[in-house]
Amino acid sequence: MAARTSPLAWLSLVIFTLSMFMSCSHGSSDNRQVYIVYMGSLPKGKVSTTSLHTSMLHEVLPGNTVGSDVLLYSYHRSFNGFAAKLTKDEAAKLRGKDGVVSVFLSRRKQLHTSRSWDFMGFNRKVKRSVIESDIIVGMLDTGIWPESQSFNDAGFGPIPRKWRGTCQSSTNFTCNNKIIGARYYRGKGDYSPYDYRSPRDSEGHGTHTSSTAAGGLVSKASLYGLAKGTARGGVPSARIAVYKICWYDGCYDEDILAAFDDAIADGVDIISLSVGSISWSDYFDDTIAIGAFHSMKNGILTSNSAGNSGPSPSSITNFSPWSLSVAASTIDRKFVTKVKLGNGLIYEVRKLVYVNYSGLDEYCGPGTLDENLVKGKIVFCDYESNADGPVQAGAIGAVFQSGRHKDYAFAYGLPLSNLNLDDGRIVFDYVNTTENPTATIFKTNAEDNQFAPFVVSFSSRGPNPVTADILKPDLTAPGVNILAAWSEAVPLTETEDDTRVVSYNIISGTSMSCPHATGAAAYVKSFHPTWSPAAIKSALMTTAFPMSSENNIEAEFAYGAGHINPALATRPGLIFDAGEIDFVKFLCGQGYSPKQIKLITESNTKCSEVMNEAVWDLNYPSFALSTTPGDSVTRVFHRTATNVGSPLSTYKGVVNAPPGLIIQVQPSVLSFESLGQKQSFTVTIKAQLGNSMVSGSLIWDDGVHQVYIVYMGDLPKGDVSVSNIHIGMLEEIVPGVASDVLLYSYGRSFNGFAAKLTQDEAIKLKGKEGVVSVFPSQKKQLHTSRTWEFMGFNKKMRTSIIESDIIIGMLDTGVWPESESFNDTGFGPIPTKWKGTCQKSANFTCNKKIIGARYYLTDGDNGPEDFISPRDADGHGTHTTSTAAGGLVSQASLFGIAKGTVRGGVPFARIAVYKICWSYGCSDEGILAAFDDAIADGVDIISLSVGSSIPFDYFEDSIAIGAFHAMKKGILTSNSAGNGGPTPGSVVNVSPWSLTVAASTIDRKFVTKVKLGNGQIYEVIRGIFITQFIVSECTLILTKFCYRYCFPGALNATLVKGKIVFCEYFTDYEGVLEAGALGAVFQDTGNKDFQFSYPLPFSTLNVNDGRMIINYLNTTENPTATIFKTSQDNNQFAPFVVSFSSRGPNPITTDVLKFLIFSIRDQPDLTAPGVDILAAWSEASTVTEDDTRRTRYNIISGTSMSCPHATGAAAYVKSFHPTWSPAAIRSALMTTAIPMTSNNNIEAELAYGAGHINPLQATDPGLVYDAGEIDYVKFLCGQGYTIANIQLISGNSSSCSEETDGTVWDLNYPSFALSSTPGKSITRVFHRTVTNVGSAVSNYRAVVNAPPGLIIQVQPSVLSFEYVGQQQSFVVTVGAELGNSMISGSLIWDDGVHLVKSPVVAYASIML
């Protein structure tokens, strides 16, 4: 199925002045030279083409002797032709023979010599096709270094059955399941001592390009620490077929054609060729264009480098319209090498890699330098050449001045820097006016390139020298400073004394951009294996990122359609397809004769007058026209678009045209009714030209496809297949592909589905009968230990005999089942009520503790580090699960910190795991699918430490929908409030039928002390560094200028390495870590009420202490510091709500008090421990992101941590009261919460809700505020939901009336909230009913706490009960005079034993 997320289809339009193009012809000689005799397609029938070629040579050669020394290659597997050594006269005779298309002299071609994929938005977590490992990329280059880790075949399955190639025998080369084939070609038969007579790479170029296109993932790759990261290809699971065509002296035409002949017949899917001529040739006088044509005929796209002759106009050499021509552009990383003179001036240069220092001398060039003057010094040179001269003379470094482009870098055999002419003049003046001039060349650093991407200066430019009205290059891709695998047979540089051998190297060229496009094309091919080469090229071009002429004055002649965007290219919406017949028509328009065309294509196509203008009608994804300077031009283009997006779709033509350019499209709207449908249109372009060019664009726009949730309420009554209903509904909207677009059918616990739809399709479904809501799926985020003891809930507390029957459903990142926290020793049989399953997986097993596990994976959610199973690769889910229900584990700690017994709130409860979160987040469709299963599986409590970044309406929020249906089945959902605090109204999980939990501190804090050399000690409470050693008496330095912020790439490693850095602004640890610092001390004005772990000693001070350290640094000759090991201290102010915890008020229903926890949606109901929580951790995840340390228990903070504390408490209450409703359990937790004060949280109840959770007391609350489905139905009536929607949601005949329209205040909730506009008084009447769950005979007296400005009246003020379960109603009238803030009090029902507390809050709505 074609992926349905469609971007805009971009078409480049370029109009330019026609110039004269010239090329040099090849000289002639009477000596034999290699000629290519091209004869087109293979003849029909059983014909021996080799015999035919031999016969033809017999006719023209003297003596009729044709041996292997004359006939070098007979091309007979994929097309017809041969290469032979001939004289000029013999070649001329063959040119006139029947059946010959062209005869031309073989020319030697040259090589067009990593964050690059990430820079394109194509990171390693992108969605991968299941058939990627069946894709075969043919690499025509210098061979390959098979031992490189980039070509490790671990985990690869058998070689694809379609492969028909071979691994050419060689003693020093072996293929594997990654490199599945390898051949080498040397028609001349001679080899240099530098070459391997095998497919092995002795140059490095082929290894580099192969790993860029299809290399596997290799972490921590770098060139001596530069560009450190993960090196990978665009299709790391694809196979590679190697065709070695290039040698020490270049790449010859006869070998190139032989490789094409084999690669096509071998069964490759994509051909990559980073090779080209010095000058251009006609299409069928060029072996690359010939080979690419026959590849196209066989469904194979050829990816070509544009050339390295830029920025000269028309310097592109690979430009055939049936191939992909790729320019080279920069990425967001540049290399900077600084030179510091003895006078203190520092100059920035961008051309090299190395380090060293010492004196200066004068001029350069091989053999021109006086060794006696130069040896051991840094040489300043007036002109840029290379390093050979300084190296020969024994210099230890060189500084060049040059007026040439400096937008790319080279490696040299000694420290070498390249200055611009202005800086060079200053250095020159310094050398001539200083008695003993000195300089330091610093080590190269990587910095951000804020102008990227732009096309690099060396990249060849258009226009197309043969067919001016076909725009070339097609697009651009990263080709500057690319890190990739390298041959270990070649030193780092060509300098004679350079012996450095590396596994990964950084080089630049269109040779590097070409394999990026190859990898992208292979990626598209893996999703659309039947697409033609033209379709793949169209997808890459029309989805490319638009670029600007501000950075490249040649505009489209530099970058074509724009910068490649691989992830988007799999779903282009429309494609401009073309096949052999289209290119035949194009050749007719180019003046090729019918005879030549018949030979090339083996078809009987005849050229006509209509076809003679077909260059403008070739179905190409760009438009170009040329004319002589000063003339106006008008041209009509015909195009046909094929629908590969949504079956039912409408595209509107959007034209962007600057002054002087008119673009008219007819028709301007294209409507499609099915996939594969074609629609034609015409584009009329008019332009008035001077001596330059003008460009615009045509965009076909159909809107955006995405995943939508279609929520249909309760399950229908009777034996009805909801899946069939959902398919039927989709068939009406997207006929023929309903099953392809349907992602989930929710039919176990509620009714609805998730599907990929356009906005129009979603609107159509929204209007259908039986639909409650239709909303786009959002990516939700994770709201990322003596905590139970701190709540007075120690391990000796009373437990229920049925605790082991309680099942907690954990919706999170999965779980690490081997953790001791989930040991099932002593557990009895699985509860009989359990109806779930343990989803099969090779790397996951359930037990009697973890009784069930499922995972929910939708398109693009998983990365290579994810386990496609319920196993946790992140750590978050393991942490929350062990917090809620983990068993007792003694002596647990994070490397000795917080050592003690870890356990969950209900250590004997069972766990059901529902993995909804992956590397990219937690999708709505997966969340709803997990709710659907968990409810039907028989869980008792659902825990969800996940939320969106903004609030949504209740029934356009997957969590609120799932929680509603859980409530209907008697299951309480515990939600994290969110981590968007302390912003008002930032709470995100706010539905009144769920429990919303904020995060607060416990009576433990972590302190990291810093001691200066003067003995002064500073205490910091932000930043855990886990080590067994003290970092003592280390040099402390203050960074200068822009470095003082310590951003990544900003620090000078030479100055920083092995020292403690003081930074004036808090960022993160990456900058100091990459610079080699031993530790860091930051000053920060932010909140310091929670901690993080870091991979190096790291402390944060307040600004006042920071100033003291700056003063110490500036007044001390040799400042030193000691960072002590983190220690544990008492937090006397606990509990208070932490700064990151989301705050209320409820942004959806302001008069329902909700406080937040680590998200952004409502106010929460209560707060629980969420700061510095020790719990179990996944051993697949490290302590921090840039770390190698693994741990079984980790300390993290978030409302994600407080939520499972509330989950455990709710499960504990449930174990004593298994028949209590979700509302009753929530009421018990809220009314028994420990009161908190606004002294520590000025937002008061909007921060902490009813107070701090108290699990032990919650089992005996005295009274509960109960509520069931009917109460929430009345609430929804008051919220304005229609009767039809309410009946769908509830699954019954509930109706709304005037009496129920105001019942938001009468929802039987354990808190009271009212809002009004600022400065106004407000009075509100609340109706409540309490149920006696305490002593059978009891009397409760109302105790009111109301500050000035708040009036609370209760009627009756005494409630008398005669039995357990009896209900009594009362009325609370609240009056308030509001300013611009809030005022709060409380109502307590007191029977002498129980205190049933409810907060009463009035606030001004301006707080939202």
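The minimum heavy-atom distance between Ala1209 and Ile1253, with the atom names listed, is CB-CD1, 3.6 Å. Across Asn843 and Phe867, no two heavy atoms sit closer than the pair ND2-CD2, 3.2 Å. Residues Pro1310 and Met1230 come closest through the heavy atom pair CG-SD, 3.9 Å. Shortest non-hydrogen contact noted between Gly938 and Lys835 is CA-NZ, 4.2 Å. Scanning both residues, Ala1258 and Ala1228, for their nearest heavy atoms gives O-CB, 3.3 Å. For Phe750 against Gly713, the heavy-atom pair with the smallest separation is CB-O, 3.6 Å.
Judged purely by atom type and a 3.5 angstrom limit, Asn989 uses its side chain to pair as donor or acceptor with the backbone of Val946. Here the side chain of Gln677 pairs a donor or acceptor atom with the backbone of Glu673 at under 3.5 angstrom. Side-chain atoms of Asn847 come within 3.5 Å of backbone atoms of Lys849 as a donor-acceptor pair (strictly under, hydrogens ignored). Between the side chain of Lys915 and the backbone N or O of Leu811 there is no donor-acceptor pair closer than 3.5 Å. Asn724 places no side-chain N or O within 3.5 Å of a backbone atom of Ser721 that could act as its donor or acceptor partner. Although no hydrogens or angles enter the test, the distance criterion places a donor-acceptor pair under 3.5 Å between the side chain of Asp1306 and the main chain of His1327.
Phe1275 has its side chain within reach of Trp993: a pair of non-hydrogen atoms, C-beta onward, lies under 4.5 Å apart. Contact of the Lys969 side chain with the Ser749 side chain is not registered, since no non-hydrogen atoms from C-beta on lie closer than 4.5 Å. Considering only heavy atoms from C-beta on, Leu995 comes within 4.5 Å of Leu972 through its side chain. Put simply, the side chain of Met810 does not reach to within 4.5 Å of the side chain of Ile942, judged on heavy atoms. The shortest side-chain heavy-atom distance between Val815 and Arg871 does not fall under the 4.5 Å cut-off. Using a 4.5 Å heavy-atom threshold, the side chains of Tyr954 and Gln1279 count as touching. Put simply, the side chain of Ile802 reaches to within 4.5 Å of the side chain of Pro1218, judged on heavy atoms. No side-chain heavy atom of Ser958 sits under 4.5 Å from any side-chain heavy atom of Ile709.
No side-chain donor from either of Ser945 and Ser976 sits under 3.5 Å from a side-chain acceptor of the other. Between the side chains of Tyr856 and Asp933, at least one donor-acceptor pair of N or O atoms lies under 3.5 Å. There is a side-chain donor-acceptor pair under 3.5 Å between Thr813 and Asp872. In summary, the side chains of Gln1367 and Thr1329 do not present any donor paired with an acceptor at a separation below 3.5 Å, with no hydrogens or angles considered. For the residue pair Thr996 / Asn975, no side-chain donor-acceptor distance below 3.5 Å is found, with atom types taken as modelled. Defined by atom type and a distance below 3.5 Å, a donor-acceptor pair is present between the side-chain atoms of Ser1221 and Asp1266. Judged by distance alone, the side chains of Asn751 and His726 do bring a donor and an acceptor atom under 3.5 Å apart. For the residue pair Ser994/Ser991, the side-chain donor-acceptor check at 3.5 Å is satisfied. Side-chain contact check for Asn1308 and Tyr1265: no donor-acceptor pair (N or O, by modelled atom type) lies under 3.5 Å. In summary, the side chains of Asp1165 and Tyr1309 do present a donor paired with an acceptor at a separation below 3.5 Å, with no hydrogens or angles considered. Between the side chains of Ser646 and Glu761, at least one donor-acceptor pair of N or O atoms lies under 3.5 Å. When only modelled atom types and interatomic distance are considered, Asp924 and Tyr708 share no side-chain donor-acceptor pair under 3.5 Å. Using a 3.5 Å distance cut-off with no hydrogens or angles, the side chains of Glu925 and Ser777 do pair a donor with an acceptor.
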Notebook entry, point to check: Going through the distances and angles, do Leu730 and Leu742 end up as a side-chain contact (heavy atoms from CB on, under 4.5 Å)?
Noted result: CA-CA 8 Å; Leu730 285 169; Leu742 180 66; 3.8 Å; yes
Checklist line | Residue pair Thr973, Phe964: steps toward the side-chain contact (heavy atoms from CB on, under 4.5 Å) verdict | finding: CA-CA 9 Å; Thr973 300; Phe964 184 89; over 6 Å; no
Notebook entry, point to check: After noting the C-alpha distance and the side-chain angles of Ser649 and Asp702, does the key distance pass the side chain to side chain donor-acceptor pair (under 3.5 Å) rule?
Noted result: CA-CA 7 Å; Ser649 53; Asp702 75 333; 5.0 Å; no
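With values rounded to the nearest 0.5 angstrom, Tyr744 atom OH is found 6.0 Å from Ser923 atom OG. The structure places CG of Leu743 at 12.0 Å from CG of Leu928, a figure rounded to the nearest 0.5 Å. A distance of 9.0 Å separates OG of Ser745 from CD1 of Ile725, quoted to the nearest 0.5 Å. Rounding to the nearest 0.5 Å places OG1 of Thr880 at 6.0 Å from NE2 of His876. We find the OH-CD1 distance between Tyr746 and Ile961 to be 9.0 Å, quoted to the nearest 0.5 Å.
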Which pairs would a plain distance check flag for residues 765-775, meaning a side-chain donor or acceptor within less than 3.5 Å of a matching protein atom at least two apart in sequence or in another chain?
residue	atom	partner	partner atom	Å
Lys768	NZ	Glu732	OE1	2.4
Ser773	OG	Phe955	O	2.3

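Between Tyr1212 and Phe1216, the ring-plane angle classifies as perpendicular under the 30° and 60° cut-offs.
With respect to the salt-bridge test (charged N to carboxylate O, under 4.0 angstrom), the residues Arg854 and Asp937 qualify. The pair Lys833-Asp940 counts as a salt bridge, with a side-chain nitrogen and a carboxylate oxygen less than 4.0 angstrom apart.
When each of Asp714, Leu715, Asp719 is paired with Lys717, the side chain to side chain contact (heavy atoms under 4.5 Å, CB included) condition holds for Asp714 and for no other.
Aromatic ring centres of His965 and Tyr711: separated by under 6.0 Å.
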